[in-house]
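Below is one structure, written out as structure tokens, with a few remarks after it.
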Amino acid sequence: MKFPSSLLSLTRFLLLLPFFSSAWLDFSVATNTQPQPQYHDLLHCLCSQEDAICNLIYTAQNSTAYASVLQFSIRNPRFSNNNASSSSSRTKPIAIVTPTTIPQVQSTVLCSRKHGLHLRVRSGGHDFEGASYASLSSPFVLLDLVNLRSVTVDVPSKSAWAQSGAVLAEVYHSIASASRTLAFPAGLCPTVGLGGHISGGGYGTTLRKFGMAADNIRDALLVDADGRVLDRAAMGEDVFWAIRGGGGNTYGIVVSWKLKLVRVPLRLSAFTVSRTASSDAEMTKLVDRYQRVTDKLPDDLMILVMIGAVDQGNSTKQVLQAAFQVMYLGGKERLLRVMNESFPELGLKEEDCKEMSWIESVLHFANYPSNSTYDVLLKSRTDSPISFAKLKAKSDYVGTPLPESALQGIWSRVHQVEAGAALLHLIPHGGMMSRISDSSTPYPYRAGTVYKIQYYVAWSGEQKEVEERHLGWIRKLHEFLTPFVSKNPRGAYANSRDLDLGMNDPTGETSYEQARVWGEQYFKHNFERLARVKAAIDPSNFFRNEQSVPPLSM
Ligand code: FDA
């Protein structure tokens, strides 16, 4: 596989692979083409509630649009192609419902439940394991929120109501259209859906100043398993706590969120500087210094790092490159002073620093061309600078800087052929993250976490052996990191779903003890409270997926 010669190209390359894959064009769905017993019952039930919903249901039997509706928000092509790999053998929905109103969401829940059909909800479709649209268990109905994506900003109260089907680009666009000094602290990728993102936490470039997306929610509307619409007061504080980071498709369907907007300066500093190391030892030195300062910098400053191997000119030899994504809520003069005091090893110069508005920083970190206006965000679903490769992700938390031997071990693995297009992303904590209690929301990685590592491997090609080779590589890297990262339990980020950590039984009859294995990696001590909340809001475990929290009764 030929590699790009810069890491920025590499990130785009990682995400662009499927467009070079002819199988993308041959998309066909590994679905059940045989009519399912409950399929007619479901249609009858939904259509008897309301005529309009009949036109919003797609099945492989009744609609030629089924495949394109399903494909539209599949953001990990590992789970889309009908190929020979193990990943593609998952069950696809027997029906897709795309409601335009909340009552239609309620009807879909009630009709699915009445006819014993499993239901999954999809907002932006970025689940790394495809859990919103591909199942390892029974046939299911897909409730796709693609038509529920309005965003209403109220500047005086610094808040916004945003429907879950909105993607981050649409949320950011609405906020920027209403105010130049308000923002919402959420992810970097414009096509991530609000529904899944907040359900699993949500970090972005202002994490150290304002915390996670889930820390900035004032209210929500939840459709529960009985089809009721509950706001914060009606659902109660326990459920409101659980839906802000305790995992998607578990407590009900969040149809909208009331976001707490944050104040940002008119101009801030946002840019990416890349450093190519002449040797692995040089990269070790730079990253070693980075990990010793990154969580101690002022809250206004966040430096994320992407590290990968890139081609070196015309030679076949690969070198390591680190792209430092710098976000500073202030001007470049002050930033340069801070950097020269705290992290001179980066060698930041005035010409590296770029000042812009918050919304321009959104465009920058989403890889839009520098002359783009923010209206491009409205086209992000169909015309995005980011598109997607077959991908496997894993995550870890670092509480003590990795020793040099660990860094060297990572680099040697990144150079291996099996790594293909691999990337490490370091996300610093500290700042506001260490002042929020570890039980304030289900996300427990607060004080004591220096940074999170997200690692990815991406590939093209349809053969099972190719997939296995890359999966093997990332699993071995995860194993290698065991002694160096958080322990007892080892940490993982819920929004970086990893089914290697464990899974519910396909029947849904998973015990609390069984689910603790991965549940405590995502939520630590908060897992037990989540399971009790689950028992209170959805005792029959209607909302479930491979890693949903099972109910724990008193
Ligand atoms: P999707 O629709 O697949 O949903 C994910 C899960 O939530 C599923 O289990 C689904 O059923 C459930 N769910 C969805 N909508 C729901 C609703 N309304 N109510 C209840 N449950 C619901 N993360 C991050 O923190 N910062 C970042 O910068 C990025 N960047 C990023 C880039 C790319 C390219 C990818 C693929 C992923 C990320 N992520 C991320 C991870 C992302 O936050 C995570 O995958 C989210 O769960 C995606 O939410 P979606 O709604 O897009 O996914």
Side-chain angles (χ1 to χ4, degrees), residues 11-12 14-16 72-79 99 102 105 109 118-135 140 142-146 148-149 162-169 185-207 212-214 220-224 242-257 304 306 325 362 365-367 381 384-393 395 423 425 427 443 452 454 456 458 493-499 538 543-549:
T11 48
R12 267 177 233 137
L14 269 175
L15 300 165
L16 274 165
F72 186 68
S73 301
I74 290 186
R75 301 307 194 183
N76 190 347
R78 243 179 100 193
F79 307 107
I102 294 175
V105 174
V109 168
H118 177 45
L119 182 73
R120 295 204 176 194
V121 57
R122 177 167 77 175
S123 289
H126 285 65
D127 193 290
F128 283 113
E129 298 279 7
S132 55
Y133 53 84
S135 160
F140 67 98
L142 170 57
L143 181 71
D144 192 329
L145 299 181
V146 65
L148 285 173
R149 56 174 201 266
Q163 290 186 311
S164 284
V167 296
L168 296 180
L188 292 87
C189 175
T191 48
V192 164
L194 205 58
H197 191 58
I198 299 173
S199 296
Y203 70 82
T205 54
T206 55
L207 179 78
M212 309 193 85
L221 293 182
L222 177 82
V223 174
D224 74 358
I243 60 173
R244 289 174 295 143
N249 215 90
T250 301
Y251 315 97
I253 295 165
V254 181
V255 283
S256 50
W257 307 86
L304 302 99
M306 292 184 292
Q325 299 171 297
V362 166
F365 292 119
N367 276 342
R381 284 170 189 267
S384 163
I386 295 179
S387 41
F388 303 86
K390 295 191 178 93
L391 192 68
K392 171 77 185 170
S395 57
L423 192 70
H425 204 188
I427 297 109
Y443 184 86
K452 171 157 67 111
Q454 285 279 140
Y456 308 97
Y493 177 36
N495 257 345
S496 180
R497 190 187 305 286
D498 178 5
L499 294 186
D538 182 22
F543 293 107
R544 61 180 189 276
N545 62 26
E546 285 72 19
Q547 285 187 333
S548 54
V549 177

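Just follow the structure's listing: the first ligand is 1, and inside any ligand the first atom is 1.
At under 3.5 Å, not a single nitrogen or oxygen of Arg122, backbone or side chain, sits near a nitrogen or oxygen of ligand 1. At a 3.5 angstrom cut-off on N or O pairs, Tyr133 does not count as close to ligand 1. Checking only distances, Phe128 never comes within under 3.5 Å of ligand 1, N or O to N or O. Between Ala131 and ligand 1, no pair of N/O atoms sits closer than 3.5 Å. Some N or O of Gly193 is nearer than 3.5 Å to an N or O of ligand 1, by distance alone. Between Leu145 and ligand 1, a contact under 3.5 Å exists for no N or O pair. Inclusion of Val255 in the set of residues having an N or O under 3.5 Å from an N or O of ligand 1 is not warranted.
Within the structure, the closest approach of Met212 to ligand 1 does not fall below 4.0 Å when heavy atoms are considered. In this structure, Gly201 does not count as a contact residue of ligand 1, since none of its heavy atoms falls inside 4.0 Å of the ligand. In this structure, Arg75 does not count as a contact residue of ligand 1, since none of its heavy atoms falls inside 4.0 Å of the ligand.
Of all non-hydrogen atoms in Ala213 and Ile198, the two that sit nearest each other are CB-CG1, 4.2 Å.
Under 3.5 Å, the side chains of Gln454 and Ser496 contain a donor-acceptor pair of N or O atoms. The closest side-chain donor-acceptor pair between Thr191 and His126 falls under 3.5 angstrom.
Asp127 pairs in a salt bridge (Lys or Arg N to Asp or Glu O under 4.0 Å) with only one of the listed residues (Arg75, Arg497, Arg78, Arg120), which is Arg497.
Taking every non-hydrogen atom of Val192 and a distance limit under 4.0 Å, the qualifying atoms of ligand 1 come out as 31 (C), 38 (C), 43 (O), 52 (O).
Of the heavy atoms in Tyr251, none comes closer than 4.0 Å to ligand 1. Residue contacts with ligand 1 for Arg120 are absent, since no atom lies close enough (heavy atoms, distance under 4.0 Å).
Because its NZ or CZ atom is not both nearer than 6.0 Å to the ring centre of Tyr456 and within 45° of the ring axis, Lys392 does not count as a cation-pi partner of that residue.
Contact annotation: the side chain of Arg544 never approaches that of Thr250 to less than 4.5 Å [non-hydrogen atoms, C-beta and beyond].
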